[in-house]
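All figures in this text were calculated on a predicted structure; none of them were measured in a lab. A, B, ... follow the sequence lines: proteins, then strands. Residue 1 opens every chain.
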There are 2 protein chains.
Amino acid sequence: MSRPIRTRRQATLASLAAELGVSRTTVSNAYNRPDQLSPELRRRVLETARQLGYPGPDPVARSLRTRKAGAIGLLLTENLSYAFRDPVALGVLEGIALACEDSGTGLQLLPAGPGNEDVSTVHKAGVDGFVVYSVPDDDPHLSGVLQRPVPTVIIDQPLIDGVDRVGPDDAAAMTAMANHVVELGHRSIGVLCMRLSQDRNDGPAPLSRQHQAHYHTQRTRLNALATTFSNVGVEWSTVPVIERFDHTVSDGATAAAELLDANPEVTALICTSDILALGALEEAHRRGLRVPADLTITGFDGIADAQRAGLTTVHQPVQDKGHAAGSLLLNPARKTSTVPGSAQVITLDTELKIGTTSAQPRTTEQHWFGP
Amino acid sequence: MSRPIRTRRQATLASLAAELGVSRTTVSNAYNRPDQLSPELRRRVLETARQLGYPGPDPVARSLRTRKAGAIGLLLTENLSYAFRDPVALGVLEGIALACEDSGTGLQLLPAGPGNEDVSTVHKAGVDGFVVYSVPDDDPHLSGVLQRPVPTVIIDQPLIDGVDRVGPDDAAAMTAMANHVVELGHRSIGVLCMRLSQDRNDGPAPLSRQHQAHYHTQRTRLNALATTFSNVGVEWSTVPVIERFDHTVSDGATAAAELLDANPEVTALICTSDILALGALEEAHRRGLRVPADLTITGFDGIADAQRAGLTTVHQPVQDKGHAAGSLLLNPARKTSTVPGSAQVITLDTELKIGTTSAQPRTTEQHWFGP
DNA sequence: AACGCCTTCTGAACCGTTACGGTTCCAGAC
DNA sequence: GTCTGGAACCGTAACGGTTCAGAAGGCGTT
């Protein structure tokens, strides 16, 4: 197998047509509509193309004319290492890719990492639509995407008027988790959460920061916790919330350490992700705390490692999430998208999974206060 | 934040120019070469663009004119689930993505799974180059890629004249591993290998199949084993080689079971991948065989799980491999590519890692035969 | 002989942009 | 008062296709 000889200048459909003495239309038809010309002529066209080293119609020129690129873009404002290492992100990515494969569409990963302030990559991407994942509310790349006259689906966050969205009902899911912890009797809790904004803040997240968080899902989950616990008399402003910028197990561990050092009275640690919870679990073991006897730990996401660890968590179908987003973008339901305000929203089912890391608090004396 | 009102027909650079009473060139310059026009006019252009809902120059038209798509394609003839689950594939993918991110280039995953006989996706991808990974010698998508007048880099396999390649020296690496096993004294060995061809064959791979394997790296690794062991008097045709189509730990386990059932005399199991070796390890434990006392097991790749398991293996830098391939494609070294036969080849270093799964065979009587 | 129909092929418009090689204008030098 | 040089802007010609409305010719029907 060897590559065709590159002629002085690449052959084009026009030069091929000239060589054959037929019109460009005919050559085009030879590739795209075989029924529009005689088999004999088609054979000749293809044969001559081979001889001239003509590689077939140029995809870009075709895209310009047909207004179809045959690919969708994925906007992910994260380091690639995150996308390829985090189980949740990977599941979502796989789901999107699967949807693309189903419809024979390419999936273009856009280079829009945190260090990249250059929005032009979004403007330069020749794609038929965008999936947006794991992006803060105020990301400049996102507004670049929204300017483009192509359909867009946002996964999880942010929630933007008129733009399709796929995601779980975070508020309901976290409320269910909070209720579980409340019903077990915990009133002294701590929270570990993921990045709330683009500016790094590894440490306590005060109320103000919680409220103006640029990551919608984190904000929503914290709100759900705040509401539920306030309803049972826990003053939310006194609940310690520790934030971590990076999302690794060891970050979960250091966050748990930080929280337990400052608040040893805590009986339950609610984490907004399984990764953080797994780290908390490690730290608890390191301290000789028994889980759940001494400390209840809960997660969010339902990743495989969490299941292995018996973590009490909220399971969400990450692969389905990606697949739903891809399908929404690629499928003919698109036709209605011209009607304003008709954005589609797909809400995914979540499931509260009670594992072996949650139980009643050991000391329940504090509940016998009261009137 | 809300999307701009879609006018009857999308505004174009030309209509914007008409509206402003300037030439299209000027509008183009407003976006691409701010220094070519006065700040005041530029402001007016951008302002009017906003009013008209003009989203900036169309990326596809721009690509046609500039002959740059700003993205490269990744050809991977595998199920996406493989790409996203297999640690080696994931590492390679990450490396490629990192290289793309460095240069602000998009990475387009081409839908070319095993079920997809349609080569047109390769022809329709508007990209500036291709990275090819994990593709058999005779794959039709590959020849489609090679026809395209853009640079291509192949990772690992196949080896094609005049096409750039990045990969380890599989023969040398596997020879080193074979020597290690030979030096330990093993003469009765078995081999577990990955898919040799597109047609599924879960079972023994006879010599003929080994020789006409369409996966170059597997062929090379088997050849290295055959040569080394032949040199010490082991008749290669009697060495059991068990093939698995899918590449999972449990496939490794069943392959090991199959091999050990038929050849209980085997003292060392050489696997052409860590995943298979990890499966073999499982199966050995299931049978109560102690590793390495009763059975030596070796892998290939050096994935994280293998290190954790203490596997004796060959480590290859998978992420570097992807990164090297991406860089080779994207960097200006491209200029020399017109000279025929000047394909670049990057050979990556490998390292034999002796772990705790290889040792001398327990019964060495058989060595005391001979003159 | 006129008519309609089918097959096969063509001509010209169009997709939206950027590269290229200008022209125009005006301030400042001489 | 002419010349010069740079800044600002412009017109034309691609870039490489697809598409649609027909033209030309052959053939069967009435």
Side chain proximity check, A:Leu142 to A:Pro158, heavy atoms < 4.5 angstrom
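Yes. Closest side-chain heavy atoms under 4.5 Å.
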
Flag side-chain contact, heavy atom, 4.5 Å: A:Leu107 against A:Thr105:
no

For a quick check of understanding: with a heavy-atom distance under 4.0 Å over all strands, which category does [X] fall into, base, sugar-phosphate or nothing?
| X | value |
| --- | --- |
| A:Thr26 | base |
| A:Gly56 | sugar-phosphate |
| A:Val60 | nothing |

Let me know the distance between [atom1] of [X] and [atom2] of [N], rounded to the nearest Å.
| X | N | atom1 | atom2 | value |
| --- | --- | --- | --- | --- |
| B:Leu37 | D:dC10 | CG | P | 10 Å |
| A:Asp35 | C:dT7 | CG | P | 10 Å |
| B:Asp58 | C:dT17 | CG | P | 6 Å |
| B:Gln36 | C:dG22 | CD | P | 16 Å |
| A:Lys68 | D:dG16 | NZ | P | 23 Å |
| B:Tyr31 | C:dG16 | OH | C1' | 13 Å |
| A:Lys124 | C:dT17 | NZ | P | 15 Å |
| A:Arg67 | D:dG17 | CZ | P | 17 Å |

Test side chain to side chain contact (heavy atoms under 4.5 Å, CB included) on A:Thr77 and A:Gln198; report intermediate values, then the result.
CA-CA 10 Å; A:Thr77 320; A:Gln198 288 284 53; 4.0 Å; yes

Carboxylate-amine/guanidinium contact B:Arg50 B:Glu47, below 4.0 Å
yes

Between A:Asp58 and B:Arg67 (salt bridge meaning N to carboxylate O under 4.0 Å), is one present in this structure?
yes

Test A:Ser81 against A:Asn79 for side chain to side chain donor-acceptor pair (under 3.5 Å), laying out the working first.
CA-CA 5 Å; A:Ser81 32; A:Asn79 278 318; 4.8 Å; no

I want to check one thing: is the phosphate of D:dC9, taken as OP1 and OP2, less than 4.0 Å away from some side-chain N or O of B:Ser38?
yes

Taking only N and O in the side chain of A:Thr12, is any of them less than 4.0 Å away from OP1 or OP2 of D:dG16?
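No, outside the criterion.
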
Between B:Ser28 and B:Asn32, a side-chain donor and acceptor under 3.5 Å
yes

Could you give me the CA-CA distance, side-chain angles and deciding distance for A:Phe84 and A:Leu93, then say whether side chain to side chain contact (heavy atoms under 4.5 Å, CB included) is met?
CA-CA 9 Å; A:Phe84 289 120; A:Leu93 193 52; 3.9 Å; yes

Apply side chain to side chain contact (heavy atoms under 4.5 Å, CB included) to residues A:Leu20 and A:Thr26 and explain how you reach the verdict.
CA-CA 10 Å; A:Leu20 282 156; A:Thr26 300; over 6 Å; no

May I ask you to decide if the ring planes of A:Tyr54 and A:Tyr31 are parallel, tilted or perpendicular, using 30° and 60° as cut-offs?
perpendicular

Using side chain to side chain contact (heavy atoms under 4.5 Å, CB included), reason through B:His141 and B:Val135 one step at a time and then give a plain yes or no.
CA-CA 9 Å; B:His141 297 278; B:Val135 166; over 6 Å; no

Pull out every protein N or O sitting under 3.5 Å from an N or O of nucleotides 18-22 of chain D, one pair per line with the distance.
unit_1, atom_1, unit_2, atom_2, d
D:dT18, OP1, A:Asn32, ND2, 2.8
D:dT18, OP1, A:Arg62, NE, 3.1
D:dT18, OP1, A:Arg62, NH2, 3.3
D:dT18, OP2, A:Ser28, OG, 2.4
D:dT18, OP2, A:Asn32, ND2, 3.3
D:dT18, O2, A:Arg65, NH1, 3.1
D:dT18, O4, A:Arg24, NH2, 3.3
D:dT19, OP2, A:Arg33, NH2, 3.2
D:dT19, O4, A:Thr25, OG1, 2.8

Could you run through nucleotides 23-28 of chain C and give me one letter per nucleotide, 5' to 3': B if any protein heavy atom sits under 4.0 Å from the base, S if only the sugar-phosphate is that close, - if neither?
------

Helix axis bend for the helix from C:dA1-D:dT30 to C:dC30-D:dG1 - C1'-based end axes, five pairs, 10° rounding
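End-to-end axis angle: 50°.
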
To the nearest 0.5 Å, tell me how far A:Arg43 CZ sits from A:Ser38 OG.
10.0 Å

